[in-house]
Amino acid sequence: MHQTGEILINGRKETLAFGTSAYVTQDDTLMTTLTVREAVFYSAQLQLPDSMSISEKKERAEMTIREMGLQDSMDTRIGGWSTKGLSGGQKRRVSICIEILTWPKLLFLDEPTSGLDSAASYHVMNRIVKLAHQHGRTIIASIHQPSSEVFELFHNLCLLSYGKTVYFGPVSMAEMLFATNGFPCPPLRNPSDHYLRTINKDFDEDIEQGIGSNSTEEIIDTLVKSYKSSEICKQVQHNVLKISQQKRGPLEKKGSQASFITQSIVLTKRSFINMYRDLGYYWLRFAIYIALCLCVGTIFHDIGLTYGSIQARGSMLMFVAAFLTFMAIGGFPSFVEDMKIFGRERLNGHYGVGAFVIGNTISSIPYLCFISLIPGALAYYLVGLQKSFDHFIYFVILLFTSTMLVESIMMTVASVVPNYLMGIITGAGIQGIMILNGGFFRLPDDLPKPFWRYPMYYIAFHKYANQGFYKNEFEGLSFPNNQVGGPPTITGDEVLRSFWQVEMGYSKWIDLVILFGMVVVYRLMFWGIIITVEKIKPLIKDYMAASPKKSSMILENPSSISSQLEML
């Protein structure tokens, strides 16, 4: 549906400053490895301005936790698939805590009681009502099937059915509208259940058996017409006109959020802790790397300097460059969960894409170094590659860079394909193509010139990883020549040129620099795709939309939960 119209705040057309409004999504997208205290405090450091001290932000976070009744669960981890943590109601309150840290004037809640039992629903909504009274906030919530106790907490009610406003006004007056039109609420029945049952036309037969012969569509039309001619509707329209004419001053401006540097530091700390506690992020991969490198080390153990070791060396190094780095896609599901959290926090303007990329990159470096160094040392010395320490350091740095590059590719994939299963399949396909034309399975000179040699061979990072590993290992070595009529020995340089067809016009350090450059390029691609999608998606929706309908929304200056939301 294509919607047109305008949104007025106190009769003015203005952009809400950061911290003026907040939106709590239906799903509780939280970092499961953090405790309640950590989750809210990190969010406070991201949202609250640098003018506040760390102690003040910590005090604000703990006060907010107490306001939502979570003081006994402060040091409990939120929990997820791997560990048991908070209940559904507690998670919902944590989500609300994170969004009310800036004390927003307007708080939008999307089905805050979904998935909660009646007791948890009441406690969540009761806390929200108390916050509204204490701090003078407007709370606007969409809610399905509230209990009678929860329903009584609301001051105003807006009933919608298939794009039509059936009722908007005080909760107490809704029952009179239904009763005067022949649809009274039966005794001892929850009014909200009665209203929704009456205006829901998905199950017309059941409705008709309980109410009469009228179809639900006719009932809705009757109620809509009755509401439009009622005094309640006239009062609403009068209030809308009054607000529009008053043109009060703009809403109070909130302090700016934390600076880019502060956000980057906080996100780095938070991501580092999450990676440490999430077994699936790096620790499981570390165990797999150890097992694979032990396999490589024992299969190619003490490879020696025979003529046959030329092929064996190349195969072992190709496995490291291709399949060890391929395992980096194992952390993709955990990164997709991070992306969900980023999407929710980005939606409310907590921080930008740049801070997220920097935080994720810096926090992953120690773990990537660790899983490159220990397994790499096992494979390197068990196989018996060049003994000098500088050759080993280059081997580890190249493995580290290649692994980080694969993670960067998967970040780019995640920005386009957010579903982790589709993302793994897509990432594995991209990697498979790169491995295939990386210069091992088909030597560079034998690759078909169009597409595979130019440009795919030069786009595939395995070209530079393989050549870096080959140059690091073969340069300076010599092997006995088994070919009849040839010289007794063959040098490593000759092997690189003739056997592996390596480009010898530049050193192995240039290959390393190119790989580092690719890491930067893919991370910038991730940043650019996120920014582009945010800007283009609304344009695509507008282009694809049809059946334009006029809509307008006016918000009165918020003073309590009873402040009005008019939808025309």
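In this text the structure is predicted, and so the values were computed from the model without any measurement.
Contacts classified as salt bridge (Lys or Arg N to Asp or Glu O under 4.0 Å) and involving residues 77-96 (residues at least two apart or in different chains) are given here: Asp28-Arg92. The stretch residues 62-74 participates, sequence neighbours left out, in these salt bridge (Lys or Arg N to Asp or Glu O under 4.0 Å) pairs: Arg37-Glu62. Annotation: salt bridge (Lys or Arg N to Asp or Glu O under 4.0 Å) contacts involving residues 270-283, sequence neighbours excluded, comprise Glu38-Arg277, Arg270-Glu345.
Here the closest heavy-atom approach between residue Thr216 and residue Ile199 is recorded as CG2-C, 3.9 Å. Of all heavy-atom pairs between Gln263 and Gly352, the closest is OE1-N, 4.0 Å. Across all non-hydrogen atoms, the minimal contact from Ser363 to Met275 is OG-CE, 3.4 Å. Between Cys97 and Val40 the shortest heavy-atom distance is CB-CG2, 4.1 Å. When all heavy atoms are compared, the tightest approach of Met525 to Thr412 is CE-CG2, 4.0 Å.
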Considering only distance and modelled atom types, tabulate donor-acceptor pairs under 3.5 Å from the side chains of residues 176-183, sequence neighbours left out.
| unit_1 | atom_1 | unit_2 | atom_2 | d |
| --- | --- | --- | --- | --- |
| Thr180 | OG1 | Met176 | O | 3.0 |
| Thr180 | OG1 | Leu177 | O | 3.0 |
| Asn181 | OD1 | Ser226 | OG | 3.4 |
| Asn181 | ND2 | Leu177 | O | 2.7 |
| Asn181 | ND2 | Ser226 | OG | 2.9 |

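Taking the six-membered ring where the residue is Trp, Phe342 and Phe356 present parallel rings, their angle staying beneath 30° rather than reaching 60°. Using cut-offs of 30° and 60° on the angle between ring planes, the pair Trp283 and Tyr367 is perpendicular.
A search for side-chain contact (heavy atoms from CB on, under 4.5 Å) contacts involving Leu284 returns nothing, not counting sequence neighbours. In this view, Pro333 and Tyr420, Ile424 satisfy the side-chain contact (heavy atoms from CB on, under 4.5 Å) rule, not counting sequence neighbours.
Between Arg344 and Glu99, at least one side-chain N (NZ, or NE/NH1/NH2) sits under 4.0 Å from a carboxylate O, which counts as a salt bridge.
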Set out, in order, the CA-CA distance, both residues' side-chain angles and the distance that settles side-chain contact (heavy atoms from CB on, under 4.5 Å) for Thr25 and Tyr23, then state yes or no. CA-CA 6 Å; Thr25 58; Tyr23 171 54; 3.6 Å; yes
